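Here the structure is a predicted model, which is why all the values come from computation and not from measurement. In each ligand, atom 1 is the first atom listed, and ligand 1 is the first ligand listed.
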Amino acid sequence: MRRLLPGPAPDPGRVDLHDVYAWPETTCLRVNFVSSLDGAAALDGRTAGLGTPADKAVFSHLRATCDVVVVGAGTAIAEHYRPATVPVAVVSANLSPSPAERLFSPAPGTATPLVLTCASAPAGRRAALAGCADVVDCGDEAVDLRLVVTELERRGLRRLLCEGGPRLFSALLAAELVDELCLTLSPLLSGGPAPRITDGAVLQPPAGASLLSVLEDDSTLLVRYGVS
Ligand SMILES: NC(=O)c1ccc[n+]([C@@H]2O[C@H](COP(=O)([O-])OP(=O)(O)OC[C@H]3O[C@@H](n4cnc5c(N)ncnc54)[C@H](OP(=O)(O)O)[C@@H]3O)[C@@H](O)[C@H]2O)c1
(Lines give C-alpha, C1' and ligand atoms only; values in the text may rest on other atoms or scores of the structure.)
Protein backbone atom coordinates (compact mmCIF):
# COMPACT_ATOMS: atom_id res chain seq x y z
CA MET A 1 0.00 0.00 0.00
CA ARG A 2 1.27 3.51 -0.86
CA ARG A 3 0.28 6.85 0.62
CA LEU A 4 -0.27 9.36 -2.19
CA LEU A 5 -1.86 12.14 -0.12
CA PRO A 6 -1.10 13.85 2.17
CA GLY A 7 2.40 13.95 0.85
CA PRO A 8 5.24 13.83 0.76
CA ALA A 9 5.17 10.86 3.17
CA PRO A 10 8.45 10.11 4.94
CA ASP A 11 8.26 6.60 3.48
CA PRO A 12 5.30 6.37 1.02
CA GLY A 13 5.60 2.56 0.99
CA ARG A 14 4.92 2.25 4.74
CA VAL A 15 1.37 3.30 5.50
CA ASP A 16 0.25 3.81 9.09
CA LEU A 17 -3.53 3.47 9.02
CA HIS A 18 -3.76 4.91 12.56
CA ASP A 19 -2.15 8.06 11.20
CA VAL A 20 -4.18 8.31 7.98
CA TYR A 21 -7.52 7.47 9.63
CA ALA A 22 -6.95 9.23 12.98
CA TRP A 23 -10.26 10.13 14.63
CA PRO A 24 -10.76 13.68 15.91
CA GLU A 25 -11.35 14.33 19.62
CA THR A 26 -14.86 15.60 18.94
CA THR A 27 -17.83 13.50 17.80
CA CYS A 28 -17.27 12.39 14.22
CA LEU A 29 -19.61 10.59 11.82
CA ARG A 30 -17.49 8.77 9.28
CA VAL A 31 -19.18 6.88 6.44
CA ASN A 32 -17.41 4.02 4.67
CA PHE A 33 -18.37 2.67 1.23
CA VAL A 34 -16.87 0.63 -1.59
CA SER A 35 -17.73 1.22 -5.23
CA SER A 36 -16.69 -0.03 -8.66
CA LEU A 37 -15.07 2.48 -11.02
CA ASP A 38 -18.40 2.88 -12.81
CA GLY A 39 -20.24 3.62 -9.59
CA ALA A 40 -21.80 0.30 -8.58
CA ALA A 41 -22.27 0.01 -4.81
CA ALA A 42 -23.39 -3.63 -4.97
CA LEU A 43 -23.09 -6.62 -7.28
CA ASP A 44 -26.12 -8.92 -7.15
CA GLY A 45 -27.28 -7.10 -4.02
CA ARG A 46 -24.07 -7.63 -2.05
CA THR A 47 -20.78 -5.79 -1.61
CA ALA A 48 -18.71 -8.97 -1.46
CA GLY A 49 -17.67 -8.88 -5.14
CA LEU A 50 -16.42 -5.29 -4.83
CA GLY A 51 -13.92 -5.72 -2.01
CA THR A 52 -10.17 -6.01 -2.46
CA PRO A 53 -7.51 -6.86 0.15
CA ALA A 54 -6.81 -3.14 0.69
CA ASP A 55 -10.51 -2.39 1.12
CA LYS A 56 -10.79 -5.19 3.68
CA ALA A 57 -7.74 -3.84 5.55
CA VAL A 58 -9.21 -0.33 5.83
CA PHE A 59 -12.71 -1.67 6.59
CA SER A 60 -11.24 -3.71 9.47
CA HIS A 61 -9.12 -0.81 10.71
CA LEU A 62 -12.09 1.56 10.79
CA ARG A 63 -14.12 -1.04 12.69
CA ALA A 64 -11.31 -1.67 15.14
CA THR A 65 -10.99 2.02 16.00
CA CYS A 66 -14.63 3.17 16.12
CA ASP A 67 -16.97 3.24 19.13
CA VAL A 68 -20.07 2.07 17.26
CA VAL A 69 -21.03 0.77 13.81
CA VAL A 70 -24.16 2.50 12.50
CA VAL A 71 -25.98 0.76 9.69
CA GLY A 72 -29.36 0.88 7.95
CA ALA A 73 -31.71 -2.07 8.35
CA GLY A 74 -31.45 -2.91 4.63
CA THR A 75 -27.69 -3.34 4.84
CA ALA A 76 -27.79 -5.23 8.14
CA ILE A 77 -30.14 -7.75 6.51
CA ALA A 78 -28.55 -7.94 3.02
CA GLU A 79 -25.02 -8.26 4.39
CA HIS A 80 -25.94 -10.69 7.20
CA TYR A 81 -24.47 -8.55 9.94
CA ARG A 82 -23.10 -10.26 13.03
CA PRO A 83 -22.54 -8.83 16.50
CA ALA A 84 -19.16 -7.13 16.93
CA THR A 85 -16.88 -6.05 19.75
CA VAL A 86 -18.36 -2.56 19.48
CA PRO A 87 -22.14 -2.19 19.38
CA VAL A 88 -23.80 -2.39 15.96
CA ALA A 89 -26.58 0.21 15.85
CA VAL A 90 -29.28 -0.53 13.28
CA VAL A 91 -31.38 2.41 12.07
CA SER A 92 -34.92 1.27 11.31
CA ALA A 93 -38.29 3.03 11.34
CA ASN A 94 -40.34 -0.11 10.61
CA LEU A 95 -38.22 -2.58 12.62
CA SER A 96 -37.85 -4.78 9.55
CA PRO A 97 -34.93 -6.88 10.88
CA SER A 98 -36.08 -10.17 12.39
CA PRO A 99 -34.84 -11.16 15.86
CA ALA A 100 -33.67 -14.35 14.10
CA GLU A 101 -30.93 -12.37 12.28
CA ARG A 102 -27.47 -13.49 13.36
CA LEU A 103 -26.79 -9.94 14.57
CA PHE A 104 -29.13 -10.55 17.49
CA SER A 105 -27.54 -13.81 18.65
CA PRO A 106 -25.14 -13.00 21.47
CA ALA A 107 -21.59 -14.29 21.01
CA PRO A 108 -18.72 -14.17 23.51
CA GLY A 109 -16.86 -10.85 23.48
CA THR A 110 -19.50 -9.02 21.47
CA ALA A 111 -21.62 -6.01 22.41
CA THR A 112 -25.40 -5.93 22.59
CA PRO A 113 -26.75 -4.40 19.36
CA LEU A 114 -28.76 -1.19 19.39
CA VAL A 115 -31.88 -0.63 17.31
CA LEU A 116 -32.51 3.07 16.69
CA THR A 117 -36.14 3.57 15.84
CA CYS A 118 -39.12 5.83 16.55
CA ALA A 119 -42.12 5.72 18.87
CA SER A 120 -44.55 4.83 16.06
CA ALA A 121 -42.65 1.61 15.17
CA PRO A 122 -44.82 -1.56 15.13
CA ALA A 123 -45.35 -2.63 18.75
CA GLY A 124 -45.11 -6.37 18.08
CA ARG A 125 -41.75 -6.09 16.33
CA ARG A 126 -40.49 -3.77 19.05
CA ALA A 127 -41.40 -6.33 21.73
CA ALA A 128 -39.69 -9.12 19.76
CA LEU A 129 -36.47 -7.13 19.27
CA ALA A 130 -36.42 -5.81 22.84
CA GLY A 131 -35.41 -9.27 24.03
CA CYS A 132 -32.17 -9.27 22.05
CA ALA A 133 -31.23 -5.60 21.49
CA ASP A 134 -31.38 -2.18 23.13
CA VAL A 135 -34.30 -0.56 21.32
CA VAL A 136 -34.03 3.23 21.49
CA ASP A 137 -36.62 5.74 20.29
CA CYS A 138 -35.12 8.64 18.35
CA GLY A 139 -38.25 10.53 17.35
CA ASP A 140 -42.01 10.05 17.26
CA GLU A 141 -43.30 9.47 13.70
CA ALA A 142 -39.90 9.07 12.04
CA VAL A 143 -36.31 8.46 13.05
CA ASP A 144 -34.70 11.83 13.71
CA LEU A 145 -31.07 11.28 12.72
CA ARG A 146 -29.92 14.18 14.90
CA LEU A 147 -31.41 12.37 17.88
CA VAL A 148 -29.59 9.22 16.73
CA VAL A 149 -26.28 11.05 17.12
CA THR A 150 -27.38 12.54 20.45
CA GLU A 151 -28.40 9.12 21.81
CA LEU A 152 -25.09 7.59 20.77
CA GLU A 153 -23.15 10.47 22.32
CA ARG A 154 -25.18 10.05 25.53
CA ARG A 155 -23.78 6.50 25.69
CA GLY A 156 -20.23 7.81 25.34
CA LEU A 157 -20.02 6.75 21.68
CA ARG A 158 -18.48 9.50 19.55
CA ARG A 159 -16.41 7.71 16.92
CA LEU A 160 -19.39 6.87 14.76
CA LEU A 161 -18.69 4.59 11.79
CA CYS A 162 -21.59 4.33 9.36
CA GLU A 163 -21.28 1.41 6.94
CA GLY A 164 -24.26 2.46 4.83
CA GLY A 165 -26.35 1.70 3.10
CA PRO A 166 -27.29 4.14 0.36
CA ARG A 167 -30.64 5.20 1.80
CA LEU A 168 -29.24 5.86 5.25
CA PHE A 169 -26.28 7.73 3.74
CA SER A 170 -28.56 9.99 1.72
CA ALA A 171 -30.68 10.76 4.79
CA LEU A 172 -27.56 11.55 6.82
CA LEU A 173 -26.33 13.88 4.06
CA ALA A 174 -29.71 15.60 3.90
CA ALA A 175 -29.54 16.12 7.67
CA GLU A 176 -26.00 17.54 7.30
CA LEU A 177 -24.63 15.03 9.79
CA VAL A 178 -21.79 13.48 7.76
CA ASP A 179 -18.26 14.58 8.65
CA GLU A 180 -16.22 12.22 6.48
CA LEU A 181 -16.65 9.85 3.57
CA CYS A 182 -14.16 7.01 3.19
CA LEU A 183 -14.58 5.51 -0.26
CA THR A 184 -12.81 2.56 -1.81
CA LEU A 185 -12.68 2.63 -5.60
CA SER A 186 -12.25 -0.96 -6.70
CA PRO A 187 -10.58 -1.49 -10.08
CA LEU A 188 -13.73 -3.03 -11.58
CA LEU A 189 -16.30 -1.95 -14.18
CA SER A 190 -19.52 -3.87 -13.65
CA GLY A 191 -21.87 -2.32 -16.23
CA GLY A 192 -25.62 -2.82 -16.03
CA PRO A 193 -27.97 -1.15 -13.59
CA ALA A 194 -26.62 -0.97 -10.07
CA PRO A 195 -27.24 1.02 -6.89
CA ARG A 196 -24.96 3.96 -6.14
CA ILE A 197 -23.65 4.84 -2.70
CA THR A 198 -26.53 7.32 -2.29
CA ASP A 199 -30.24 6.65 -2.74
CA GLY A 200 -32.63 9.40 -1.77
CA ALA A 201 -33.89 12.86 -2.59
CA VAL A 202 -31.68 15.15 -4.68
CA LEU A 203 -29.52 17.27 -2.39
CA GLN A 204 -30.13 20.96 -3.14
CA PRO A 205 -27.43 22.22 -3.27
CA PRO A 206 -25.17 19.16 -3.55
CA ALA A 207 -22.95 18.53 -0.53
CA GLY A 208 -19.35 19.57 -1.11
CA ALA A 209 -16.29 17.55 -0.16
CA SER A 210 -12.60 18.17 0.26
CA LEU A 211 -9.94 15.52 -0.25
CA LEU A 212 -8.11 14.51 2.93
CA SER A 213 -6.13 11.40 2.02
CA VAL A 214 -5.47 8.97 -0.81
CA LEU A 215 -3.96 5.49 -0.54
CA GLU A 216 -3.26 3.13 -3.41
CA ASP A 217 -2.82 -0.62 -3.38
CA ASP A 218 -2.74 -2.84 -6.45
CA SER A 219 -4.93 -0.35 -8.43
CA THR A 220 -7.45 0.05 -5.57
CA LEU A 221 -7.81 3.70 -4.51
CA LEU A 222 -8.82 4.47 -0.93
CA VAL A 223 -9.92 8.08 -0.67
CA ARG A 224 -11.12 10.05 2.35
CA TYR A 225 -13.09 13.26 2.00
CA GLY A 226 -14.26 15.80 4.52
CA VAL A 227 -17.94 16.52 3.80
CA SER A 228 -19.37 20.01 4.17
N1 LIG B 1 -20.96 -0.49 -1.47
C2 LIG B 1 -21.04 -0.40 -0.16
O3 LIG B 1 -20.06 -0.04 0.50
C4 LIG B 1 -22.35 -0.70 0.53
C5 LIG B 1 -22.50 -0.39 1.88
C6 LIG B 1 -23.71 -0.70 2.48
C7 LIG B 1 -24.73 -1.29 1.75
N8 LIG B 1 -24.54 -1.58 0.46
C9 LIG B 1 -25.61 -2.24 -0.33
O10 LIG B 1 -26.76 -1.45 -0.28
C11 LIG B 1 -27.92 -2.28 -0.39
C12 LIG B 1 -28.93 -1.88 0.67
O13 LIG B 1 -29.36 -0.57 0.35
P14 LIG B 1 -30.38 0.25 1.23
O15 LIG B 1 -30.40 1.64 0.72
O16 LIG B 1 -31.65 -0.50 1.36
O17 LIG B 1 -29.66 0.17 2.64
P18 LIG B 1 -29.91 0.87 4.03
O19 LIG B 1 -29.87 2.35 3.92
O20 LIG B 1 -28.91 0.21 4.92
O21 LIG B 1 -31.33 0.36 4.49
C22 LIG B 1 -32.54 1.01 4.24
C23 LIG B 1 -33.43 0.73 5.42
O24 LIG B 1 -32.79 1.23 6.59
C25 LIG B 1 -33.70 1.97 7.38
N26 LIG B 1 -33.40 3.39 7.21
C27 LIG B 1 -32.50 3.96 6.38
N28 LIG B 1 -32.51 5.29 6.52
C29 LIG B 1 -33.42 5.57 7.46
C30 LIG B 1 -33.91 6.76 8.06
N31 LIG B 1 -33.46 7.97 7.72
N32 LIG B 1 -34.88 6.66 8.98
C33 LIG B 1 -35.35 5.47 9.35
N34 LIG B 1 -34.94 4.29 8.83
C35 LIG B 1 -33.99 4.35 7.90
C36 LIG B 1 -35.06 1.62 6.83
O37 LIG B 1 -35.40 0.39 7.47
P38 LIG B 1 -36.90 -0.02 7.86
O39 LIG B 1 -37.55 -0.37 6.54
O40 LIG B 1 -36.74 -1.18 8.76
O41 LIG B 1 -37.52 1.17 8.50
C42 LIG B 1 -34.78 1.41 5.35
O43 LIG B 1 -35.74 0.59 4.72
C44 LIG B 1 -27.43 -3.72 -0.26
O45 LIG B 1 -27.39 -4.27 -1.54
C46 LIG B 1 -26.03 -3.57 0.28
O47 LIG B 1 -25.19 -4.61 -0.15
C48 LIG B 1 -23.37 -1.28 -0.20
Q) Is ligand 1 less than 4.0 angstrom away from at least one heavy atom of T47? A) yes

**Q.** Proximal ligand 1 atoms for A41, defined as those under 4.0 Å from one of its heavy atoms
**A.** 1 (N), 2 (C), 4 (C), 48 (C)

Q) Closest non-hydrogen protein atom to atom 47 (O) of ligand 1, residue and atom name please, with distance? A) E79 OE2, 2.4 Å

Q: Can you sort out which atoms of ligand 1 are near L168, meaning under 4.0 Å from one of its heavy atoms?
A: 19 (O), 27 (C), 28 (N)

Q. Nearest to atom 31 (N) of ligand 1, what protein heavy atom do you find, and at what distance?
A. A171 CB, 3.4 Å

**Q.** Pair D137 + R126: basic N to acidic O under 4.0 Å
**A.** yes

Q. Side chain, backbone, both or neither: which part of T75 has a heavy atom under 4.0 Å from ligand 1?
A. both

Q) Starting from atom 6 (C) of ligand 1, which protein heavy atom do you reach first, and at what distance in Å? A) E163 O, 3.1 Å

Q) For the residue pair H61 and H18, does the interplanar ring angle fall in the parallel (under 30°), tilted (30 to 60°) or perpendicular (over 60°) class? A) perpendicular

Q: Kindly confirm or rule out an N or O of V34 lying under 3.5 angstrom from an N or O of ligand 1.
A: yes

(Q) Geometry only, no angles: is N94 polar-contacting ligand 1 at N/O separations under 3.5 Å? (A) yes

**Q.** Nearest neighbour in protein (non-hydrogen) for atom 35 (C) of ligand 1
**A.** V91 CG1, 3.9 Å

(Q) Can you tell me if P195 contacts ligand 1 (heavy atom of the residue under 4.0 Å from the ligand)? (A) no

**Q.** Heteroatom proximity flag, S96 to ligand 1, N/O under 3.5 Å
**A.** yes

Q) Is there any N or O on G45 that sits under 3.5 Å from an N or O of ligand 1? A) yes

Q) For ligand 1, does L145 get within less than 4.0 Å through its side chain, its backbone, both, or neither, judged by non-hydrogen atoms? A) side chain

Q.
Walk me through whether E79 and T47 qualify under side chain to side chain donor-acceptor pair (under 3.5 Å).
A. CA-CA 8 Å; E79 300 287 344; T47 52; 3.2 Å; yes

Q) What are the two closest heavy atoms between V68 and A89, and how far apart are they? A) CG2-CB, 3.9 Å

Q. Under a 4.0 Å heavy-atom limit, does R46 contact ligand 1 with its side chain, its backbone, both, or neither?
A. backbone

Q: Distance to 0.1 Å, residue and atom name: give those for the protein heavy atom nearest to atom 15 (O) of ligand 1.
A: R167 N, 2.9 Å

Q.
Evaluate P97 for polar contact with ligand 1, using N/O atom pairs at a separation under 3.5 Å.
A. no

Q) When only distance counts, is I197 in polar contact with ligand 1, meaning an N/O pair under 3.5 Å? A) no

**Q.** Closest approach of any protein heavy atom to atom 23 (C) of ligand 1, naming residue and atom
**A.** G74 N, 3.5 Å

